[in-house]
Protein chains: 2
Amino acid sequence: MDPRLIAAFRQFQRTVTREVGALHGDFLDRGRPLAASRMLWEIGDGDVEIASLRARLGLDSGYASRLLRALEDEGLVEVAPSPTDARARVARRTRAGCEEVVELDRLSDDGARALLAGLDENEQAELAAAARIVTRLLSRRHLEVSLEDPDSPEAQWCVQQYFEELQATFDAGYDPAAALPTASDELAPPHGAFLVVRYHGQPVACGGVKLPEGEPAFLKRMWVAPSVRGLGVGGMLLDSLEARARDAGATFVRLDTNSALEAACRMYEHRGYVQVPDFNGEVHANRWYAKSL
Amino acid sequence: MDPRLIAAFRQFQRTVTREVGALHGDFLDRGRPLAASRMLWEIGDGDVEIASLRARLGLDSGYASRLLRALEDEGLVEVAPSPTDARARVARRTRAGCEEVVELDRLSDDGARALLAGLDENEQAELAAAARIVTRLLSRRHLEVSLEDPDSPEAQWCVQQYFEELQATFDAGYDPAAALPTASDELAPPHGAFLVVRYHGQPVACGGVKLPEGEPAFLKRMWVAPSVRGLGVGGMLLDSLEARARDAGATFVRLDTNSALEAACRMYEHRGYVQVPDFNGEVHANRWYAKSL
DNA sequence: CCATGTACCTGACTTTAGTCAGGCAATGCC
DNA sequence: GGCATTGCCTGACTAAAGTCAGGTACATGG
């Protein structure tokens, strides 16, 4: 490996630890141990198993338990027995906890603003572009795409998130029952595939492809969690789905979507998809795309 | 400020804290408190006043004293009274201390290598380029250029470093006495200027410009400390020196240098300097550059 | 139903980090 | 020379971070 590359990276590491790391510590300093803030942050929006929290933060079981207790006493999180295993427990933020995280985000933004303030507009844009590249490439290691049974709990969870997001995004809401039906076995081999992307082991994106014999492949239920947008997860997923289609002999792939999903449409176009006329009459769609493989 | 820019930066901060920050902590974990490793690192190669160490690391006087004592007990640093002020003390690494730092660097490099290992060559190059941009722009805030008396201790220190580097770089060594003489007042207003660049308050680069009336401006003693190369310090210095020359009415600027100083030559050419014939007969030079302002 | 293992909790630690109030020697300034 | 100041050290703290050895309730596989 090129030693100049290593040198550049070491300097990057020093600078970033100094600038960004210090900032990170500062803004998390909110009258409670820093580790507690980090844990609150790491809990995220849904239910999290305590074991997974521990693993992600690298904490001792006893220590984690105490931190969690402290957050509970502050009224920022709730801990309940896991629905799937009564030994395990899951944590979730209370309303106050969510507000506190919003506040942490705000402080973090202030810090970012202060760092950017000394730069002119071009430099800010340059820094943001470089930061995006670094973020994307450093995250790569922790992203993995895997073939999943579309009925597995994690696949179901992703699809659920997807539906909820559509419901929130579309003016007229989203009714899965009104959509064209897709049976589970249409998204499992040999008739299709369903992929889940995990980031640090947590599911963050999903997508399915139907592979009807003699017809174009058809993409379904592409979803990327808001927390990982910008990391190139969508592109990675699309590549994997297209590869599955190609391997199955498909030469053409189609999908329906909605112009309200702007980021998704941009990505499809960027990846060579072109708009085509309605080919399936899906009621929630107002845009149809296709691409030759 | 564009909120998407802030969002990108926040994601960058999260990722980088996770990947790089964790790594940074890990590799410094060498059986002694992390703060001690950081201090050893921060001491650098020469003598450092303890007050300056404290300031850079943001430590309490008592705490700093204890950490230093611990490093002394380990045989990694020596502390001696300051030659200029018998109240103050200076710290320097022992041979063992230097070896320990080399080891820390090695571990840090291993970490960097592990991070880069998952990427192909193009991606590695892309990451390195982006890392360089981030490093340069984040460091900007802490770099300041100031006009200095060429006889001030810090200016002298920079020039000394410059001479030592030339001595080490040139096959035939460097003898200041054999070089064309430059009197201090030729590098001070109104006949010239001498600039020092500081990074986090420490001098890291210098450069002078002679402004003889009716003749082209002449750049002298451009030096950038190895530790900050790649941060764009040279370019910043060059810009400032050229601005001084322009303000003094010069329309043309010249300099002599040596092809052994490859990085410097590259920078001059990148900044629009073109090679010209020998115009001053400087014995240590084998290359002469000029540029219209 | 029992043996074994898992998930989390609790109490009792140690180490690291960081603060604060003096204290002593050297310095700078009348 | 006296006096405030500076630079560092020491002792005596507190809080945070992290570790370790049980303990309890539940899960799983025979």
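Proteins get letters first, then strands, A, B, ... in listed order; numbering begins at 1 in each.
Across D:dC20, D:dC8, C:dG11, the shortest atom-to-atom separation from the side chain of B:Ile50 is found for D:dC8. Here the nucleotide nearest the side chain of A:Asp60, chosen from D:dT19, D:dA17, C:dA17, is D:dT19. Ranking D:dC8, D:dT19, C:dT27 by closeness to the B:Asp85 side chain, first place goes to C:dT27. Among the nucleotides D:dC8, C:dA26, C:dT10, the one closest to the side chain of A:Ser65 is C:dT10.
Distance, B:Arg89 CZ to C:dT27 P: 14 Å, rounded to whole Å. The distance from atom CZ of A:Arg32 to atom P of D:dA16 is 12 Å, rounded to the nearest whole Å. In this structure, CG of B:Leu34 is placed 6 Å from P of C:dA17, rounded to the nearest angstrom. To the nearest angstrom, P of C:dT16 lies 11 Å from CG of B:Leu67. Here D:dC8 presents its P atom at 10 Å from CG of B:Leu68, a figure rounded to the nearest Å. The distance from atom CZ of B:Arg30 to atom P of C:dT16 is 15 Å, rounded to the nearest whole Å. If you take CG of A:Leu71 and C1' of D:dA16, they are 14 Å apart, rounded to a whole angstrom. Between the CD atom of B:Glu49 and the P atom of D:dT6 there is a distance of 15 Å, given to the nearest Å.
Looking at which nucleotide of DNA chain D each of A:Ala35 and B:Ser52 is closest to, the 5′-most match is held by B:Ser52.
Counting distance only, with no hydrogens placed and no angle test, the side-chain atoms of B:Arg87 and the base atoms of C:dG28 include no donor-acceptor pair under 3.5 Å. Below the 3.5 angstrom threshold, one finds no donor paired with an acceptor across the side chain of A:Arg66 and the base of D:dG18.
Residue-level contact check: A:Arg54 touches the backbone only, with heavy atoms under 4.0 Å from sugar-phosphate atoms and none from bases.
Remark: A:Arg95 does not engage A:Glu78 in a salt bridge, criterion side-chain N to carboxylate O under 4.0 Å. Between B:Arg106 and B:Glu99, no side-chain nitrogen of the basic residue sits less than 4.0 Å from a carboxylate oxygen of the acidic one, so the salt-bridge criterion is not met. Between A:Glu72 and A:Arg66 there is no salt bridge, since none of the side-chain N atoms of the basic residue sits less than 4.0 Å from a carboxylate O of the acidic one.
Note that CZ of A:Arg54 is 4.5 Å distant from OG of A:Ser61, once rounded to the nearest 0.5 Å.
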Please determine whether salt bridge (charged side-chain N to carboxylate O under 4.0 Å, His left out) holds for the pair B:Arg93 and B:Glu42, giving the CA-CA distance in whole Å, both sets of side-chain angles, and the decisive distance to 0.1 Å.
CA-CA 10 Å; B:Arg93 293 181 192 146; B:Glu42 201 68 41; over 6 Å; no
